[in-house]
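Comments concern the structure below.
These figures come from a predicted structure and were not determined experimentally. For ligands, and for the atoms within them, numbers begin at 1 and follow the listed sequence.
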Amino acid sequence: MAANIETELSSAIPLLHLGLLQTGVERESEQLLVACQKYGFFYLDLSSDSKLCGYWEDMLDTSKQYFGQNLEAKMQDSREGFTTGYEPIGTEVGPNPGTVDGYEILKISRRECLQGHTELSTSVQTHSTLFFDFMREAHGVLMLILTRLSNKMGLDDSSSFETYHAEPGLSQTNMALLRYPEMDSLNCSHVGHNKHTDLGSLTLLLCQQWGLQILPPEAKTWEFVEPRAKHAVINVGDTLHFLSKGQLASVVHRVIPFHQEEGKDRYSIAYFLRSNDDVEVRNTDGHSWSAKDWHDVKFEIFSDPNAIENGLQILTGMREENDM
Ligand SMILES: O=C(O)CCC(=O)C(=O)O
Ligand SMILES: [Fe+2]
């Protein structure tokens, strides 16, 4: 894999700047729209937001500390449901036949952030101020992106993307810390993160290590996304694809542990913005779901895509299976 990095590296991912979107520079919003239509993924330069960059560093330290605990301690945070709590390695299927995933994850819901309290263990509670600060900042960034997209697409107040995310509506929005332990410390049946599209509206991903791959629209081969300091990777999810009547692209991606970084655990931090539960989403065939039902169906399929007839297509946001 290492030998092919040059040819497999994605060079086309657009670059946007948070500072320019914040000040309302028209050209930046235009480029944002094109990025979401054509590519579904873009880099967001965060260097104008020193708060968010600082949280990123602190969250990385906290993540190392949290996952460094023994399994028994982390299992105290195991919860029913999908938006909060700890899940060990191997909960979902992996990218290669016969494998399971190779990451552990700690999630905290937006609901806990709004309440200002988490019911998870003290090892999470101790860091809740940092987690909630990060979540508020990430939420603001993604809501700003929705606003800029709505404006550029000429959506009025009743149909703007922000309306579908308005508080105090209930949603499945959450943040996640992920750790992919170094490959040698696991047997090779535990690998990476299976191909999928994100089910929600927008995802903000912070990661300083290789491993993320995307399958851009129309492409037949996977491309690595180069990690960049002080840059988030943002992508459109299924709900925004549906709400935009297919105009914004929800792109298939996965994580494959990268050979050059063997011997190092991989850490990533994600904020998953999801629309309110009762928002109705409809695909281009006219099938409709509530956002909450789409969320629940997709999570069932993450653990076993073959469990139902069209499971693989749902996993990849209704993209044809033979594209991959
Ligand atoms: O860990 C990563 O880099 C990506 C994770 C991801 O795609 C997800 O959790 O939806
Ligand atoms: Fe994802």
Atom 9 (O) of ligand 1 has as its nearest protein heavy atom His193 CE1, 3.3 Å

What's the shortest distance from atom 3 (O) of ligand 1 to any protein heavy atom, and which residue and atom give it? Arg266 NH2, 2.9 Å

For Phe67 and Tyr86, take the angle between the two ring planes, folded into 0 to 90°, and tell me which bin it lands in: parallel under 30, tilted 30 to 60, perpendicular over 60. tilted

Would Tyr103 count as a contact of ligand 1 if the rule is a heavy atom under 4.0 Å away? no

Near His253 (heavy-atom distance under 4.0 Å), the atoms of ligand 1 are 7 (O)

Hey, what's the ring geometry for His193 with Tyr103, parallel, tilted or perpendicular (30° and 60° as the breaks)? parallel

Tell me whether Arg148 is salt-bridged to Glu28, with the criterion being a basic N under 4.0 Å from an acidic carboxylate O. no

Please confirm whether His253 and Phe41 have ring centers closer than 6.0 angstrom. yes

ang(NE2 His253, the Fe ion (ligand 2), OD1 Asp198) rounded to 10° is 90°

How far is atom 4 (C) of ligand 1 from the closest protein heavy atom, and which atom is that? Val255 CG2, 3.7 Å

So with a 6.0 Å cut-off around NZ of Lys230, is the heavy-atom count from everything else above 12? no

May I ask you to identify, for Asp198, whether its side chain, its backbone, both or neither come under 4.0 Å of ligand 1 on a heavy-atom basis? side chain

Asp278 versus Ser290: any side-chain heavy-atom pair under 4.5 Å? no

Between Asp133 and Arg136, does any side-chain N to carboxylate O distance fall below 4.0 Å? yes

Which single N/O/S atom of His196 lies at minimum distance from the Fe ion (ligand 2)? NE2

Can you tell me if His196 contacts ligand 1 (heavy atom of the residue under 4.0 Å from the ligand)? yes

Residue-level breakdown please: for Ser268 versus ligand 1, do any non-hydrogen atoms fall below 4.0 Å on the side chain, on the backbone, on both, or on neither? side chain

